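Numbers here are sequence positions counted from 1. What you see is a predicted model, and the numbers here were worked out from it, not measured in a lab.
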Amino acid sequence: SATPIPPSPHPTTSTTTTKVTTTTTKATSATPIPPSPHPTATATIASIATTPEPAPDSTTYILEPNPFVAKFNTTEWMSFHKTQQLSRAQNAIDINEKYGTYCSEKSVPMCPPLAVDDKGAIILPNEEVLKIGPLIVCNETGAGGVLCGRGDPWLNKTIWPLLRGPFCASQNAEQRAKHPMPTELAPYMDLGYDRDDPTKSEDAAPFDGFKGTSSALDPKILQEHFLKFEAMLEHYYEGLARPLLERQIAPTPDDPLYGPMLRAYSDQISRAFLRATKAKAKGESEMTKMVIGVLGDSVTSGTDNCYYDAWPEALRRQIAPLFAAMGIDVEIRNAAKNGGWNLASQMLCAHDMLGVSDRPDDLGLDFLFVCNPFVHSAVVDAEHLIRRALLGNSHTVVSITVQNQKTMSKEAFLEMYAGAGLTIGTPFQDAVPELGIPDRGYKFWFPDQGRAFWGMQGDGFCHLTTRAGSSAIVNRNWHWGPKLHQTYSDAYALLFSRAARQALDDLSAARLPPEPPKPGDYSDTILQRKDKEKSKYDENVVETPPTWKELLLLDMSLEEAVSTGLGGVRCAVGSANQPGSTLLPHWLRPAEGSPFEEKMKSRNGASFVPADHDAVGSKFYITQSPISPPNGPVKVGEWVANPNTFGAEAPRTSEQCRHVDGSTMVNMNYKGKPSGISWLVWEVPPETI
């Protein structure tokens, strides 16, 4: 009762069926959110209802059976995969029993017999020797002074290629022979990928959304596309897609908050679809964009991988052809940063980090995802971002990760904001054992010891590559590998698919999305409730300056401030190079000609910014889009497509590998570094906060 769940803006139907359990919530004066009915839709898609139906109960989520799953989900199919799963578990147990302990003392028998060639590379023993288990003590590895598992981890070089790998290759061959991906689902997995030469992979063409020669989109065909995509995931994950992927994002479907959250997602998709319909009616040829912004740390930037395999790019490739069938062009802008860039700055400067100024009609972002497993912000920074995104005039549906498990209550944030569209990604905290850091025994096939999992191939399903043909490494090191990136992107793709189907149901029933939530609907903040305090700062009493937390608390409690949305805070950023970003050259100015010129000269100062700083070819700034190792392109001739030769990196072009977490930074060595006489002048546009 202290933090009541705000009622959904969608009215509940007055009748319920045996399949739906109505959940009632009470609003208190702290969160007065009156329900608002759906307005009636105009004819935007074929087969639209003539009379708007009442909106379904948005507090309960019922997953209807998928007819495309039913076609393959037979007793024999389930029994086959159950047998394989048990066999994989036993294989993992055997590996852990033999190789699940690192050397603690030099005299402990642990290592298989290893030798090195004349270049110092480890020569792998044969499979039969490895099956016996450790034979010699750690100081007799044959690898010089390197202990097995330390420095040059032998686990990564022996167990996968000689034990787990052949086992998985055998299981894969059996799967392809007995239960291949159904033909009608294959296009949702293939997506234009060229597995003979991945350098030639292209984005998939849009799926068809029209029936026959009709120019009106057919909602049934569109629904089938999304259902087939979800069925493909279910087949790929051997019947475990739902429990695996659903738990990556909170709230989960068994939570009463899932229904209101999904409704917020579907309403946002409906708004994009209606924009697309309006543009088409005007005769505009280009598809309407649905823009998803991404912020975060080095994991989300895709560090230690080709950017092709980073989860935001994998998500774009997966959902783009589905939404293109609806006339929507999915664009994902990723400004996540490698190297520990301050996350609070990213949150505050999201508008310019992601170049949102180029959006027409002050639209802003449609969605914003912040995924940062390692670099965290303060909770106050997170809530400030959430309120500006969800409650601002441009209304951006937002997803974050938990910033600090000791001070940030995931449950409290979801209770407050899930109904407005907040989700919380949980890639580590609630992840299944096949993901993240190994800490739950045999469900990881590889030993749970220190960094032994770094560079390991293969997840708990024996996937030998990603669906795009990339290496199935789960963790490069502390950074995710292509396989974990794919799984996380699948979790969001599944959420988008369900929300899109609900949006199509709404539009077919002549239900338009309601007005987005406003700041007045959420008068209290989480931190104010938790701390029982509002900002003590009084702008009329100039005694002590406010703390950063007090400033943000005050800002997020003011309706006029929150209503400006993400664009209410503007930044000239160096840690971005998005086309629409406000960059350092836009605000930096030479001191000559500025109001400070005379004072600078009277103090014998010198302008650090040259007069031609923003000229074409100027070397005052360094603009770059990095490629981080080990994702340098692999030549096609050095890569074999045969899945039985598992383990090699897929060949990629430089363009596929190039990251988008670029920067436009001042060249601090340009004509000498700044000194005590250097003047740095900014010209900030009027009325810019």
Residue Asn667 excluded, over 12 heavy atoms near CG under 6.0 Å: yes
Can you name the nearest heavy-atom pair linking Leu233 to Ala241, along with the distance? O-CB, 3.5 Å
Counting only N and O atoms by type, is there a donor-acceptor contact under 3.5 Å from the side chain of Thr300 to the main-chain atoms of Cys371? yes
Rounded to the nearest 0.5 Å, how far apart are CG of Leu495 and CG of Leu315? 10.0 Å
Working note: Val666 + Tyr621, criterion side-chain contact (heavy atoms from CB on, under 4.5 Å); need CA distance, chi angles, decisive distance, verdict. CA-CA 4 Å; Val666 170; Tyr621 300 100; 3.9 Å; yes
CA sep, side-chain torsions, deciding dist, call: Asn305, His479, side chain to side chain donor-acceptor pair (under 3.5 Å): CA-CA 9 Å; Asn305 297 277; His479 291 138; over 6 Å; no
Run the numbers on His659 and Asn338 for side-chain contact (heavy atoms from CB on, under 4.5 Å), then give the verdict. CA-CA 10 Å; His659 287 209; Asn338 178 31; over 6 Å; no
List the atom of Ser399, the atom of Thr423, and the distance in Å for their closest heavy-atom pair. OG-OG1, 2.8 Å
Donor + acceptor pair across side chains of Arg652, Ser470 (<3.5 Å): yes
Taking the side chain from Gln346 and the backbone from Ala336, do they hold a donor-acceptor pair closer than 3.5 Å? no
Ignoring hydrogens and angles, tell me if any N or O in the side chain of Thr426 forms a donor-acceptor pair with the backbone of Arg247 under 3.5 Å. yes
Is the Tyr193 ring parallel, tilted or perpendicular to the Tyr308 ring (thresholds 30°, 60°)? perpendicular
Is a side-chain N or O of Gln318 found less than 3.5 angstrom from the main chain of Ser489, in a donor-acceptor match? no
Please check this pair: side chain of His351 against backbone of Leu348, looking for a donor-acceptor N/O pair closer than 3.5 Å. no
From Leu390 CG over to Tyr417 OH, what is the distance, rounded to the nearest 0.5 angstrom? 8.0 Å
Quick check on the 6.0 Å ring-centre criterion: do Tyr670 and His613 meet it? no
Dump the intermediate steps for side chain to side chain donor-acceptor pair (under 3.5 Å) on Tyr237 and Asp490, then the final yes or no. CA-CA 11 Å; Tyr237 289 107; Asp490 284 346; 2.6 Å; yes
Is it true that a side-chain atom of His485 and a backbone atom of Ala310 form a donor plus acceptor pair closer than 3.5 Å? no
Start with the C-alpha distance between Thr303 and Arg476, add both sets of side-chain angles, then the distance that settles side chain to side chain donor-acceptor pair (under 3.5 Å), and finish with yes or no. CA-CA 9 Å; Thr303 299; Arg476 295 285 191 187; over 6 Å; no
Check: Leu245 and Thr487 side chains under 4.5 Å, non-hydrogen atoms: yes
Taking the side chain as every heavy atom from C-beta outward, state whether Met261 and Leu422 have any atom pair closer than 4.5 Å. no
Main-chain N/O of Leu244 paired with Gln248 side-chain donor or acceptor, under 3.5 Å: yes
Can you find a pair of side-chain heavy atoms, one from Pro312 and one from Phe369, that are under 4.5 Å apart? no
Given the rule in the side-chain contact (heavy atoms from CB on, under 4.5 Å) test, do Phe496 and Leu322 qualify, once you have shown the distances and angles that lead to the verdict? CA-CA 10 Å; Phe496 269 112; Leu322 294 165; over 6 Å; no
Please report the interatomic distance OG1(Thr199) to CD(Glu655), rounded to the nearest 0.5 Å. 13.0 Å
For Trp548, what residues pass the side-chain hydrogen bond (donor to acceptor under 3.5 Å, both in side chains) criterion, not counting sequence neighbours? Asp381
Exam field: side chain His463 to backbone Tyr236, donor-acceptor pair closer than 3.5 Å: yes
OG on Ser575 to NZ on Lys337, rounded to 0.5 Å: 5.5 Å
Grab the two heavy atoms, one from Ala418 and one from Leu257, that are nearest each other, plus how far apart they are. CB-CB, 4.1 Å
Closest contact, heavy atoms only, Ser581 versus His586: O-CE1, 3.3 Å
Before giving the answer on side chain to side chain donor-acceptor pair (under 3.5 Å), spell out for Thr582 and Arg570 the whole-Å C-alpha distance, their side-chain angles and the decisive distance to 0.1 Å. CA-CA 8 Å; Thr582 301; Arg570 299 301 305 278; 2.8 Å; yes
Closest non-hydrogen atoms of Leu365 and Leu566, given as atom of the first, atom of the second and distance, are CD1-CD1, 4.2 Å
Please determine whether side-chain contact (heavy atoms from CB on, under 4.5 Å) holds for the pair Arg271 and Asp267, giving the CA-CA distance in whole Å, both sets of side-chain angles, and the decisive distance to 0.1 Å. CA-CA 6 Å; Arg271 295 180 187 107; Asp267 284 343; 3.9 Å; yes
Can you check whether Val681's main-chain N or O pairs, donor with acceptor, with Arg589's side chain at less than 3.5 Å? no
Using the six-membered ring wherever Trp is involved, compare the ring planes of Tyr488 and Tyr492 and label them parallel, tilted or perpendicular (cut-offs 30° and 60°). perpendicular
Euclidean distance, Leu368 CG relative to Arg333 CZ, rounded to 0.5 Å: 12.0 Å
Measuring only between side-chain heavy atoms, which start at C-beta, is Ile473 closer than 4.5 Å to Asp304? no
Residue pair Asp203, Arg316: steps toward the salt bridge (charged side-chain N to carboxylate O under 4.0 Å, His left out) verdict: CA-CA 9 Å; Asp203 285 356; Arg316 184 196 66 79; 2.9 Å; yes
Go through the steps for Lys289 and Asp358 under the test salt bridge (charged side-chain N to carboxylate O under 4.0 Å, His left out), then give the verdict. CA-CA 12 Å; Lys289 289 186 180 296; Asp358 66 355; over 6 Å; no
If we ignore hydrogens and angles and just use 3.5 Å, is the side chain of Asn393 paired with the main-chain N or O of Ser563 as donor and acceptor? yes
How far apart are the closest heavy atoms of Ser301 and Ser298, and which atoms are they? OG-O, 2.9 Å
Could you tell me if Arg498 sits above the aromatic ring of Tyr265, with its cationic atom closer than 6.0 Å to the ring centre and no more than 45 degrees from the axis? no
